[in-house]
Q: 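Structure below; questions to follow.
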Amino acid sequence: NAPLYGYTIGINPMRDAGSEYKDECEFNLEFAKKIAAYLEARGATVVLTRESNDITMNEKQRGQILKRADCDIAFEVVCNHMSSKSRGCYARYGASKEYAQELIAAYHAVTGIPYQNNHKSGIYKKTENVIHYSGCPCVRLILANWDNSTDRAIIQDEAMQQRIFE
C-alpha cells in the first residue's frame with residue numbers, strides 16, 4: 001500500500017516573499033503542499049524547499065536543500081506570466097530530458113493545457129540553479145500562464161488537482 005516507500009522526493013514551490021507575484025506565490029506553495037500530502041500518503045518522504053510564504057531564498061539555496069536531503073528525484077512548480085491571451089505549460093530540464101518529457105506529457109494529457117507557444121515537445125533545456133544544485137534528476141514544471149483566466153481556472157480546480165496528482 002506504499003508504492004513510494006523508501007523514495008525521497010523534493011518539491012520546490014517557486015517564488016517567495018520577494019516575488020512581485022503574491023497570489024501565484026501562495027498558489028505554488030499550497031499546490032506543492034497538496035502534492036506532498038498525496039506522495040506521503042503513498043509512502044514517500046517529501047522535502048519542500050519552503051513551507052511558508054515569508055521565506056526568501058535564492059535558487060542555489062533551494063537546490064542545496066534538496067541535495068542535503070539526498071532526494072531521489074525533484075521538481076519545481078511555478079506559473080508563467082505572459083499576455084492574458086497566451087496559454088501554456090512546459091518543462092525545463094538540465095540533464096533529465098526523459099523525466100521532463102514524461103512529466104510534461106502526462107501533465108498536458110490530464111489538464112489539456114497546450115504547450116507554451118505550441119512547442120512540439122513542451123520541454124526546454126535550461127540549467128537553472130535549483131536544477132543544477134539539487135544533486136538529483138530535477139525538472140521545473142511550468143503549470144500554466146497565471147495571467148490567462150482559462151489556464152488559472154484549470155489549475156485551481158480541486159478536482160483537476162487530484163487528477164494531476166494521480
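Quick note: residue numbers are just sequence positions, from 1. As a basis for the values below, the full set of heavy atoms in this structure was taken, side chains included, without hydrogen atoms, waters or symmetry mates. From a predicted model like this one, the values you see are computed outputs, not experimental measurements.
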Q: Sequence neighbours left out, what pairs pass salt bridge (charged side-chain N to carboxylate O under 4.0 Å, His left out) with at least one residue falling in residues 97-116?
A: none
Q: Which ring pair (Phe, Tyr, Trp, His ring centres under 6.0 Å) pairs, counting each pair once, include a residue from residues 147-166, with sequence neighbours left out?
A: F31-F165
Q: For a side-chain contact (heavy atoms from CB on, under 4.5 Å) with I164, tell me which candidate from V110, I154, L143 qualifies.
A: V110
Q: Could you check whether E76 pairs with R15 (Lys NZ or Arg NE/NH1/NH2 to Asp/Glu carboxylate O, under 4.0 Å)?
A: no
Q: Any side-chain hydrogen bond (donor to acceptor under 3.5 Å, both in side chains) involving residues 34-48? Give me the pairs, sequence neighbours left out, ordered by first then second residue.
A: K34-Q161, Y38-R42
Q: List for me each residue that meets ring pair (Phe, Tyr, Trp, His ring centres under 6.0 Å) alongside Y90, sequence neighbours excluded, and say none if there are none.
A: Y124
Q: Taking only residues two or more places apart in sequence or in another chain, which ones pass side chain to side chain donor-acceptor pair (under 3.5 Å) with S83?
A: none
Q: A69: what forms a side chain to side chain contact (heavy atoms under 4.5 Å, CB included) with it, not counting sequence neighbours?
A: V47, C71
Q: Keeping to residues at least two apart or across chains, list the salt bridge (charged side-chain N to carboxylate O under 4.0 Å, His left out) pairs with something in residues 145-166.
A: R87-D151
Q: Using a cut-off of 6.0 Å, state whether more than 12 heavy atoms not belonging to K33 lie near its atom NZ.
A: yes
Q: Can you name the salt bridge (charged side-chain N to carboxylate O under 4.0 Å, His left out) partners of K22, sequence neighbours left out?
A: E26
Q: Tell me which pairs pass ring pair (Phe, Tyr, Trp, His ring centres under 6.0 Å) where either residue lies in residues 2-21, with sequence neighbours left out.
A: Y21-H81
Q: Sequence neighbours left out, what passes side chain to side chain donor-acceptor pair (under 3.5 Å) with R50? Give chain and number order.
A: N53
Q: State which residues pass salt bridge (charged side-chain N to carboxylate O under 4.0 Å, His left out) with R62; sequence neighbours excluded, sorted by chain then number.
A: D16
Q: Who passes side chain to side chain contact (heavy atoms under 4.5 Å, CB included) against K125, sequence neighbours left out?
A: Y93
